[in-house]
Amino acid sequence: MNTLAKRIHNIAPDPVHVTFADDSTATFEMQSAEFFQEEFQGVATPLDGDREHRIVAGGSDTDEIVVGRERDDGGFEEVGAIVAVEPAE
């Protein structure tokens, strides 16, 4: 099971602070955090924004977990890969 996704799941529904691979950070209010067997999907909104974000992980064979932001024209664009997760203070 993806360790970062498991950590998000354990923190939710409380806000989650994440660090991306490029060292930028964001804090998300989690609307949902669910596992479907080994795959993970979360729906969140940044505390300083209003667009829906999706947080997804592809299963136990990878630790990669990525965040996508909803676009105005539909669909999602990648924000970045998460490398660290902690409860928001």
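Reckoned from all heavy atoms, side chains included, excluding hydrogens, waters and symmetry mates. Positions are given from 1, in the same order as the sequence printed here.
Residues D72 and R51 have side chains in contact (heavy-atom distance under 4.5 Å, counting atoms from C-beta outward). When side chains are defined from C-beta on, V67 does not count as touching R54, because their heavy atoms never get closer than 4.5 Å. Counting heavy atoms from C-beta on, the side chains of I65 and I8 come closer than 4.5 Å. Contact annotation: the side chain of H53 approaches that of P46 to within less than 4.5 Å [non-hydrogen atoms, C-beta and beyond]. In this structure the side chain of E29 reaches within 4.5 angstrom of the side chain of L47, judged on heavy atoms. Residues T25 and T27 form no side-chain contact, since every pair of their non-hydrogen atoms from C-beta on lies 4.5 Å or further apart. Annotation: side chain of F36 is in contact with side chain of Q41 (closest heavy-atom distance under 4.5 Å). With contacts defined as side-chain heavy-atom distances shorter than 4.5 Å, the pair I82/F20 qualifies.
Hydrophobic clustering of Ile, Leu, Val, Met, Phe, Trp and Tyr side chains at less than 4.5 Å, counting indirect connections, unites F40 with V79. Using a 4.5 Å cut-off between side-chain heavy atoms of Ile, Leu, Val, Met, Phe, Trp and Tyr, with links allowed through other members, V56 and F28 fall into different hydrophobic clusters. Grouping the Ile, Leu, Val, Met, Phe, Trp and Tyr side chains by contacts below 4.5 angstrom, directly or via other members, places V18 apart from F76.
Across every non-hydrogen atom of N2 and A5, the tightest pair is OD1-N, 2.9 Å. Scanning all heavy atoms of the two residues, the minimum distance from P87 to R7 falls at CD-NH2, 3.5 Å. For S24 against D22, the heavy-atom pair with the smallest separation is OG-OD1, 2.6 Å.
The environment of Q37 atom CD is sparse: at most 12 non-hydrogen atoms of other residues, nucleotides or ligands sit within 6.0 angstrom. Counting heavy-atom neighbours within 6.0 Å of D50 CG, excluding the residue itself, gives a total of 12 or less.
With respect to R71 and E77, no salt bridge is recorded, no charged nitrogen being found less than 4.0 Å from a carboxylate O.
Of the candidates D14, V43, I55, M30 forms a side-chain contact (heavy atoms from CB on, under 4.5 Å) with just one, namely I55.
Between H9 atom NE2 and L4 atom CG the span is 14.5 Å, to the nearest 0.5 Å.
A donor-acceptor pair shorter than 3.5 Å cannot be found between the side chains of E52 and T45.
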